[in-house]
A.B. asks: 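Pasting in a structure now, in structure tokens, and then I'll have a few things to ask.
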Amino acid sequence: MTAPWPYPRWIAHRGAGRLAPENTLAAFRLGAQHGFRMFECDAKLSSDGVPFLMHDPTLERTTNGKGTGGVLPWSELAQLDAGGWHSRLYAGEPLPTLENLARYCLANGFLLNIEIKPTPGTEEQTGRVVAEQAARMWQGQAVPPLLSSFQPQALAGAQAAAPHLPRALLLDTLWDGWADVARQLGCVALVCNYALWDAALVDKARGLGMRTLSYTVNDEWAAERLIALGTDGIITDRVDLFSPAG
Ligand code: G3P
Ligand code: MG
């Protein structure tokens, strides 16, 4: 028996997919302008323990910095340009903290899926600190953020720090033992590479009492298939293609 699910079907990936610099507040604002009410973001820690938003372990692709993001203190990360790589329109856009995004979501009634994306070697600590901050920021809110990760250790840290926050295991492949790990971590959902879902896997997830979500779905045929399978959530870059009301 699955618990009630408070999240909408449509979730905008990294804010607005590729239409704005991923994981910046500008991207979340653009996703919201397209009608999205729930967002996925990637969160990791600065060297002094501040959760901030960035996908890659290194700074080069999405900022004007160099090297591993997680080895710098927040005071240095805060100086970087996280928008100029995308387009002139967004030059000077800063890296947000998770707290910045939480304030934006809470002020506007938007929901959040925080993907815990640890710098390698910091899995447990990142899960713990992100969950502690999420618990603090969303205290008393009707709908908490959904915490997800590919890294079981990160989810274990989150479970220890804030057991009441919902967790989801991300799966790119169905590795041996995934179901036992998801159960031990008290996961309420699986977020799979969309190509993994078929009727048997949906049945298996439901049998485990878990919801069924997919990333990153950018084609109509793929979304139609997932909806026909009865899955619960679709994370997309294509905020310009899909209507979140549908
Ligand atoms: O959280 C879903 C999706 O974002 C996972 O993959 O690499 O885009 O963070 P990635
Ligand atoms: Mg992600």
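Ligands are counted one by one from 1 in listed order, and the atoms in each one are counted from 1 as well.
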A.B. asks: As an exercise, identify every atom of ligand 1 less than 4.0 angstrom from a heavy atom of Arg14.
C.D. replies: 7 (O), 8 (O), 10 (P)
A.B. asks: When you measure from the side chain of Arg167 to the backbone of Leu185, do you find a donor-acceptor pair of N or O atoms at a distance under 3.5 Å?
C.D. replies: yes
A.B. asks: At the Mg ion (ligand 2), what is the angle formed between atom OD1 of Asp42 and atom OE2 of Glu40, rounded to the nearest 10°?
C.D. replies: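 For OD1 of Asp42 and OE2 of Glu40, the angle centred on the Mg ion (ligand 2) reads 100°.
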A.B. asks: Output yes when the distance from some N or O of ligand 1 to some N or O of Ser148 is under 3.5 Å, and no in every other case.
C.D. replies: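 By distance alone, the answer is no.
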A.B. asks: Please answer whether the main-chain N or O of Thr231 pairs with a side-chain N or O of Arg9 as donor and acceptor at a distance below 3.5 Å.
C.D. replies: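 Checking the backbone N and O of Thr231 against the side chain of Arg9, a donor-acceptor pair under 3.5 Å is found.
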A.B. asks: Does only the side chain of Asp42 get under 4.0 Å from ligand 1, or the backbone, or both, or neither? Count heavy atoms.
C.D. replies: side chain
A.B. asks: Do Ser214 and Trp197 get their side chains close enough for a donor-acceptor pair, meaning under 3.5 Å?
C.D. replies: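 Note: Ser214 and Trp197 side chains meet the donor-acceptor criterion.
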A.B. asks: In the protein, which heavy atom is nearest to atom 5 (C) of ligand 1, and how far is it?
C.D. replies: Glu115 OE1, 3.3 Å
A.B. asks: Judging by distance only, is a nitrogen or oxygen of His13 under 3.5 angstrom from one on ligand 1?
C.D. replies: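 Yes, since at least one N or O of His13 sits under 3.5 Å from an N or O of ligand 1.
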A.B. asks: Among the N, O or S atoms that Glu115 has, which is closest to the Mg ion (ligand 2)?
C.D. replies: OE1
A.B. asks: Name the closest protein heavy atom to atom 10 (P) of ligand 1, giving the residue it belongs to and the distance to 0.1 Å.
C.D. replies: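 Checked against all protein heavy atoms, atom 10 (P) of ligand 1 sits closest to His55 NE2, 3.3 Å.
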A.B. asks: Less than 4.0 Å is my threshold; does some heavy atom of Leu170 fall inside it relative to ligand 1?
C.D. replies: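 Per 4.0 Å heavy-atom rule, Leu170 contacts ligand 1.
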A.B. asks: To the nearest 0.1 Å, how far is atom 1 (O) of ligand 1 from its closest protein heavy atom, and which atom is that?
C.D. replies: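 For atom 1 (O) of ligand 1, the nearest protein heavy atom comes out as Glu40 OE2, 2.8 Å.
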A.B. asks: With under 30° as parallel and over 60° as perpendicular, where do the rings of Phe150 and Tyr215 fit, or are they tilted in between?
C.D. replies: perpendicular
A.B. asks: If Ile, Leu, Val, Met, Phe, Trp and Tyr residues are connected whenever their side-chain heavy atoms lie under 4.5 Å apart, and connections chain through other members, are Val181 and Leu165 in the same group?
C.D. replies: yes
A.B. asks: Angle between ring planes, Tyr194 versus Trp221, binned at 30° and 60°: parallel, tilted or perpendicular?
C.D. replies: perpendicular
A.B. asks: For the residue pair Asn64 / Asp81, report whether a side-chain donor-acceptor contact shorter than 3.5 Å exists.
C.D. replies: no
